[in-house]
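Numbers for residues simply follow the sequence, beginning at 1. Reckoned from all heavy atoms, side chains included, excluding hydrogens, waters and symmetry mates.
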Amino acid sequence: MKSTITGWGKCVPDNVVTNDDLATFIDTSDEWIQQRTGVKERRFCHVNNSDMATVAGLRAVACAGLKPEDIDVVILATCTPDSIVPSAAAHVQQKMECVNATAYDVNAACAGFLYALEQAKAFVESGLYKNAVVIGSEHITWLLNWSDRNTAVLFGDAAGAVVVEESKNEEDGEIYSFSNGMSSDKLDILEIPNFGSAMNRFTPNAAADVVWTFEGQEIFKSGIRAMAKSSEEAIEKSGLKKEDIDILIPHQANVRIIEGLERTLKLPNATTLKYGYKYGNTSAASIPTAFVDAIEDGTIKGNETLVITAVGAGLTWGGAALKLGNRITPLDETDVDLPPYEGTGIDVIRESINYFVPEKAEEK
Ligand code: ACO
């Protein structure tokens, strides 16, 4: 049996936060952020991660022409779950009303969507489950330390989802191959130490005062190497050649990393998706969100051969090669959406600004 992507959907909150907005309370500038990362703006989520994941998931299910009760498994890639007990996927299963689905979280940080998609392929092709929903969703702005300009300017919130089903004929496309893995020798270059059951709960403000270990330049170099290698391995496993690849969807961490990947990987005929300028780094959500954007703006027209690749904390990494089906119009739609928010993007994190930079709290 073969598997393929039959539905897709995304959910980005309306609350836009520009670089200039951040510069009102962080010692940074639009020029610095754009030059180093390519990011112009990002979205801040005013609800829980599972609410974004639910909207993206329901849009993908409708797009595939399915009903929530048709779904057998919900795999939620996230490193920012609403709760540890139960999983965020439990909340999503409940809110989506996927009453017949098993559901669980995958935490592989920014490479989570690739890990989850590989599992969906295995479930469908083994016959264990028929219809799988794979969601990458992050409320990563919740996890930021707003007094750390090295990390606070990089991220944003979003969710993206796909449905994976059996591929019945060539026109349906096929998920060909993966090369996913982990370089835990680099575990300590990107980490939020002791945030979890290793945390001393009784240290005052332990959860508020999270500290990111973030070796930007080392992540940059390791990230390019890992994404290039895993992409090449996935292409080789699929039996394709580099010339066959039409679209490259890299993790949208930073446009300079993506350009470095392009120079290293050298796919002669591929268009590379670059949407990070409007969302920042949305971790596990960045690939499915870019995928949906590219369908919506006409960059993806159907039948393309894709390589997707990501790197994340761990360091986790992954690459996949797949062929899209010829249908890129949704079979159905849903009007489900996030509840409206009356304030500005900055209002969403007002409490955090008051905590981290009280001297700036009244300025905006
Ligand atoms: N605004 C203004 N100045 C800043 C900011 C900021 N937000 N952040 C850092 N700086 C300053 C630093 O203090 C430093 O100043 P100094 O020279 O006086 O000491 C200067 O800018 C240069 O800092 P570098 O860290 O050397 O800047 P670099 O060019 O490496 O860019 C960046 C930093 C953007 C983080 C880069 O290293 C990078 O893209 N790394 C990859 C990490 C990444 O994007 N990860 C994504 C998340 S992880 C993942 O997805 C796997």
Side-chain angles (χ1 to χ4, degrees), residues 3-14 43 45-83 86-108 112-121 123-124 129-140 156-165 175 249 279 282-296 308 328-339:
S3 61
T4 193
I5 291 174
T6 59
W8 47 87
K10 75 172 201 280
C11 174
V12 292
D14 288 336
R43 310 294 179 100
C45 180
H46 60 286
V47 287
N48 286 332
N49 187 352
S50 65
D51 296 307
M52 281 190 300
T54 296
V55 173
L58 286 173
R59 287 176 177 164
V61 170
C63 177
L66 296 173
K67 300 276 176 245
E69 58 268 29
D70 299 327
I71 301 304
D72 303 304
V73 59
V74 176
I75 313 174
L76 176 61
T78 190
C79 59
T80 50
D82 305 12
S83 58
S87 67
H91 295 284
V92 173
Q93 196 260 24
Q94 183 194 55
K95 289 173 184 173
M96 286 182 70
E97 298 182 25
C98 291
V99 290
N100 297 311
T102 182
Y104 62 94
D105 293 358
V106 168
N107 179 352
F113 183 76
L114 274 148
Y115 274 43
L117 190 64
E118 184 178 41
Q119 293 175 5
K121 171 183 160 75
F123 285 146
V124 170
Y129 296 128
K130 197 160 170 272
N131 302 320
V133 182
V134 177
I135 308 172
S137 186
E138 300 283 13
H139 193 173
I140 202 146
D157 302 325
V162 298
V163 170
V164 177
E165 293 180 69
I175 301 172
I249 314 184
Y279 303 127
T282 59
S283 186
S286 88
I287 287 175
T289 310
F291 176 61
V292 177
D293 271 351
I295 291 176
E296 288 175 352
I308 63 181
I328 55 149
T329 41
L331 289 176
D332 199 0
E333 284 176 352
T334 166
D335 55 9
V336 65
D337 210 340
L338 295 181

Q119 side chain reached by V73 side chain, heavy atoms, under 4.5 Å: no
Student check: side-chain heavy atoms of D157 and I140 closer than 4.5 Å: yes
Could you tell me which non-hydrogen atom of [X] sits nearest to which non-hydrogen atom of [Y], and how far apart they are?
| X | Y | result |
| --- | --- | --- |
| V133 | G57 | CG1-CA, 4.4 Å |
| F113 | A284 | CB-O, 3.6 Å |
| A60 | V163 | O-CG2, 3.5 Å |
| V124 | A132 | CG2-CB, 4.4 Å |
| T329 | W8 | N-CZ2, 4.3 Å |
| P288 | G160 | CB-C, 3.5 Å |

Distance-only polar pair, side chains of S137 and N49, donor-acceptor under 3.5 Å: yes
Flag for T282-E138: side-chain donor and acceptor within less than 3.5 Å: no
Heavy-atom neighbours of E69 CD exceed 12 at 6.0 Å: yes
More than 12 heavy atoms from other groups under 6.0 Å of CG on D337: yes
Passing candidate, side-chain hydrogen bond (donor to acceptor under 3.5 Å, both in side chains) with K95, options N48, T54, D51: D51
For [X] and [Y], indicate whether the former's side chain and the latter's backbone hold a donor-acceptor pair under 3.5 Å.
| X | Y | answer |
| --- | --- | --- |
| E97 | P68 | no |
| D332 | C63 | no |
| R59 | A161 | no |
| D72 | Y129 | no |
| D105 | A89 | yes |

What distance do [X] atom [atom1] and [Y] atom [atom2] have between them, rounded to the nearest 0.5 Å?
| X | Y | atom1 | atom2 | value |
| --- | --- | --- | --- | --- |
| E165 | D70 | CD | CG | 8.5 Å |
| I5 | I328 | CD1 | CD1 | 13.5 Å |
| T6 | L331 | OG1 | CG | 8.0 Å |
| S50 | L76 | OG | CG | 8.5 Å |
| I135 | M52 | CD1 | CE | 11.0 Å |
| I71 | N100 | CD1 | CG | 10.0 Å |

Evaluation steps, side chain to side chain contact (heavy atoms under 4.5 Å, CB included), between L117 and I308: CA-CA 11 Å; L117 190 64; I308 63 181; 3.9 Å; yes
Passing option when K10 is tested against D293, I295, V55 for side-chain contact (heavy atoms from CB on, under 4.5 Å): D293
Trace of the side chain to side chain contact (heavy atoms under 4.5 Å, CB included) decision for I75 with Y104: CA-CA 5 Å; I75 313 174; Y104 62 94; 3.6 Å; yes
